[in-house]
Amino acid sequence: MTVRLANQPLDLIEADLRLEFLTQPQLENHPHRALLEQAGFKAEAEQLCTLHERRVMVCGIADTSSETLRSAMASAVKTAMGYNYASLKLAQYGEEAFSALIEGTVLGSYRFDAYKSDPKPSALAEVVFSNVNSDGSALDADALEKTLRDTLIIAEATNFVRDLVNQTPYDMTPQGMAVAAETLAKNNGLECTILDPNGLEDEKMFAMLSVGRASVNPPRLIHLAYKPKNPKKKITLVGKGLTYDSGGLSLKAATSMVTMKMDKAGACAVMGMIKAISELGLEIEVHGFIGAVENMIGGNAYKPDDVLRAKNGKTIEVRNTDAEGRLVLADVLGYAQANVNADYLFDYATLTGACMVALGPYTTGVMGHNEELKRSFVDAGSAAGEYCGILPFNRHLKKLIKSDIADVCNVSSKPYGGAITAALFLDHFIDENMKDKWVHFDIAGSAYTESAWDVHTYGGTGAGVRMTLQWVLNNLA
C-alpha cells in the first residue's frame, strides 16, 4: 500500500473514499448528520460508518491526541480494506498527529499471509493525505514530507520485524536468522559477523552452546553494525533469538508451546531497529548482537543440576531448562561488552511470563539501575504509542537467585517477582562500568498477540522498535 502526501486541499484530491474523524460535538454540524444518525452513528470512540452513496467514511474519536488518532486510523484502514475502493483520502489533524496517522495506516493495514494457499489481496492500494487541516488551515508541506519519510521508515521496520517473528520455527531456524541478517546487511550497507558453534566455543560462550546443543539446528551469534563516518554516540542492542523454545527437559505444557516462534522477537526487534537507524541515516554507531538458538530435548540436552560457565567466567546453576533465554543473553551480553565499548547497552527479550502477570499483555517491562534512563524510555514509549512500565530492583529479590554451588542460579527460589529476578540474573553479566548505561526490556507480553488491539493484528507486534527509535531521536539524534 502506498502512503503519500498531496500539497492541495482535500476536495481537489482524487480518491474513491474520503475518511473523516469526528468527535461527538462535531457531529452536530456535520453536513451528513441526518444520514449518519439514521445509520445509528453517535461518534463514539472508533465507531465507524460508511456512507457509500456519498463516498464518505466517518470514524468517531474522543479527542485528537496522537494515541487516539493512531488507533482510530488503524481501525478505519482495516475496515476500508474490506471494501472495493482503491484509494482513500483524508485531511490533517495537526502537525503532531501526522506521524500517528501514518503509523495507524501502515501498521493497521499489515497482513501476514505467507502461509495462505489463496491469500485475498485488498483493493485498497493508496492512502493520500492532504497538507490541509480539517479546519481549513494549511501546514508546511516540506515539514510534512520529512515526517512522512521518517515515519514510513520506522513503521515499515516494525512490519519487517513482524514478518520475521511470524515465520514458523521450521523456516526461521538459527541459520535462517543468520541468513536474514546477512540479507539485511547487504541491502542496508551494514557489517555482519556470524559465529557458528566452533566460533562460540572459541569465545567460551558455553551457556549459549548448552541451550542449543540438543537441537539439529545449531546456534548462531549474529553481530550487525552500522558505522556512519562521524558518530555522535555508540549504542549496543542485544536481542534474545530463541527461534523455538520447547522448554528443554523442563518441558512446557502443550498449550504453552503454541506461539513459541515468538521467542525470537527480541532478536527480530534489534534487526528492525538497526534497519531503521541505517535508513534514517542517523549519526549514531549501532551494534546489534543476537543470540539465535533453538531449545529442544534430546539425549544430549542440558539438564537441571548442570553448572554452566558463561563467557565472563561466572558459573550458573541450572534448575530449570525453560529459563534458557537468560542463559543465552548472559553470553551475548558478555560478548557484546568485550567487543564494543558503547555509551549505552539495551537488551530486548521475551523473557518471562511473570512480566505479563505484573503489567498485563500490552506493556513492556523496563528494568535497570539508572532511574533517569528508565524514565526516559517510558516517556519515549508513550510518545511512540508503546506502553512501558518500570519494575524496580531491590537487594532482597537478588538474594533469591543465590546458588550454594555456583555463582548464581538461573531461577529464583521463590515464585514471586519473576521478571525482576530474571533481570537481576542478567545484572551478573553486566560490567561495572556499564551498570548505569544498561536497560533491560522484557517484551514477553507486548511482542505477540493472538487478538487484534490498537494498531496490532494477530501475531508479532514489533514491540520495542518505535519506542527505541523515539528514544534515539529524542536523546541522540
Side-chain angles (χ1 to χ4, degrees), residues 1-23 26 56-59 61 63-78 80-81 85-110 124-160 275-283 380 382-386 454-455 462 465-474 476-477:
M1 181 185 296
T2 301
V3 182
R4 67 179 179 89
L5 180 73
N7 189 14
Q8 57 188 148
L10 193 63
D11 289 341
L12 298 181
I13 299 172
E14 292 189 6
D16 296 336
L17 188 65
R18 174 178 180 144
L19 171 62
E20 299 176 9
F21 296 106
L22 294 179
T23 61
Q26 289 171 330
V56 172
M57 173 191 282
V58 292
C59 180
I61 53 173
D63 53 55
T64 55
S65 68
S66 293
E67 182 175 14
T68 295
L69 286 171
R70 183 186 294 109
S71 183
M73 187 70 201
S75 295
V77 166
K78 289 173 189 175
M81 290 173 69
Y85 299 119
S87 56
L88 177 73
K89 67 178 181 179
L90 68 157
Q92 296 289 335
Y93 289 81
E95 189 172 354
E96 292 184 359
F98 187 35
S99 180
L101 289 169
I102 298 164
E103 288 181 338
T105 303
V106 177
L107 301 179
S109 63
Y110 174 81
L124 188 63
E126 183 179 58
V127 174
V128 187
F129 290 91
S130 169
N131 73 308
V132 179
N133 279 318
S134 58
D135 63 6
S137 59
L139 297 175
D140 181 80
D142 290 338
L144 293 177
E145 284 286 2
K146 184 181 186 308
T147 298
L148 176 62
R149 173 190 172 273
D150 292 354
T151 306
L152 283 176
I153 286 172
I154 295 171
E156 288 167 359
T158 305
N159 282 347
F160 167 79
K275 178 182 190 294
I277 289 171
S278 64
E279 290 172 3
L280 289 168
L282 301 182
E283 295 179 346
S382 179
E386 292 196 47
D454 195 56
V455 296
V465 175
R466 291 180 293 145
M467 169 192 67
T468 302
L469 266 294
Q470 186 68 52
W471 184 89
V472 168
L473 292 170
N474 287 350
L476 304 182

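Count residues from 1 along the sequence.
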- Show the numbers, then the answer: is there a side chain to side chain contact (heavy atoms under 4.5 Å, CB included) between L107 and R466? CA-CA 11 Å; L107 301 179; R466 291 180 293 145; 3.8 Å; yes

- Where L19 and C59 come nearest, the two heavy atoms and their spacing: CD1-CB, 4.4 Å

- Task: Determine the minimum heavy-atom distance between S130 and L5, stating which atoms define it.
- Result: O-CD1, 3.8 Å

- Message: Main chain of K275, side chain of S278: is a donor-acceptor contact present, judged purely on distance under 3.5 Å?
- Response: yes

- Query: Once you round to the nearest 0.5 Å, how far does CD1 of I102 lie from CG of L69?
  - Reply: 12.0 Å

- Of the non-hydrogen atoms in A91 and F129, which two are nearest, and what is the gap between them? O-CD2, 4.4 Å

- Indicate the atoms forming the closest heavy-atom contact of Q92 with N131, along with that distance. CG-C, 3.9 Å

- Return the minimal non-hydrogen interatomic distance between T105 and S109, and the atom names on each side. O-OG, 2.7 Å

- For T147, which residues count as a side-chain hydrogen bond (donor to acceptor under 3.5 Å, both in side chains) partner, sequence neighbours excluded? none

- Message: M1 vs M81, test: side chain to side chain contact (heavy atoms under 4.5 Å, CB included). Steps then yes/no.
- Response: CA-CA 10 Å; M1 181 185 296; M81 290 173 69; 4.3 Å; yes

- Check whether any side-chain heavy atom of V106 lies under 4.5 Å from a side-chain heavy atom of V127, and answer yes or no. no

- Query: Under the 3.5 angstrom rule, does the side chain of N133 hit a backbone N or O of D135 as a donor-acceptor pair?
  - Reply: no

- Item | Reported CD1-to-CG distance for the pair I61 and L22, which is rounded to 0.5 angstrom | 7.5 Å

- Task: Compare every heavy atom of G104 with every heavy atom of V455, then report the nearest pair and how far apart it is.
- Result: CG1-CA, 4.2 Å

- Message: Can you confirm whether K78 sits close enough to L124 that some side-chain heavy atom of one is under 4.5 Å from a side-chain heavy atom of the other?
- Response: no

- Item | Interatomic distance, E145 atom CD to F98 atom CZ [nearest 0.5 angstrom] | 7.5 Å

- Task: Nearest 0.5 Å please: distance from the CG atom of N159 over to the CD1 atom of I154.
- Result: 12.5 Å

- Task: Quick one: list whatever passes salt bridge (Lys or Arg N to Asp or Glu O under 4.0 Å) with E386, sequence neighbours left out.
- Result: none

- The residue among S65, S66, S71 that forms side-chain contact (heavy atoms from CB on, under 4.5 Å) with T68 is S65

- Message: I'd like to know if the side chain of E126 and the backbone of A86 have a donor-acceptor N/O pair within less than 3.5 Å.
- Response: no

- Item | From R18 atom CZ to L10 atom CG, the distance as rounded to the nearest 0.5 Å | 4.0 Å

- Count the heavy atoms of every other residue, nucleotide or ligand shown that sit under 6.0 Å from CD of E96, and state whether that count exceeds 12. no

- Step by step, would you call L144 with D140 a side chain to side chain contact (heavy atoms under 4.5 Å, CB included)? CA-CA 6 Å; L144 293 177; D140 181 80; 6.0 Å; no

- Message: I need the K89 NZ to L17 CG distance, nearest 0.5 Å.
- Response: 9.5 Å

- E67, CD atom: more than 12 neighbouring heavy atoms under 6.0 Å: no

- Query: Can any side-chain N or O of Y93 pair as donor or acceptor with the backbone N or O of F21 at less than 3.5 Å?
  - Reply: yes

- Message: Before you tell me yes or no, could you show the steps for R149 and L280 under side chain to side chain contact (heavy atoms under 4.5 Å, CB included), namely the whole-Å CA-CA distance, both residues' side-chain angles and the distance that decides it to 0.1 Å?
- Response: CA-CA 9 Å; R149 173 190 172 273; L280 289 168; 4.3 Å; yes

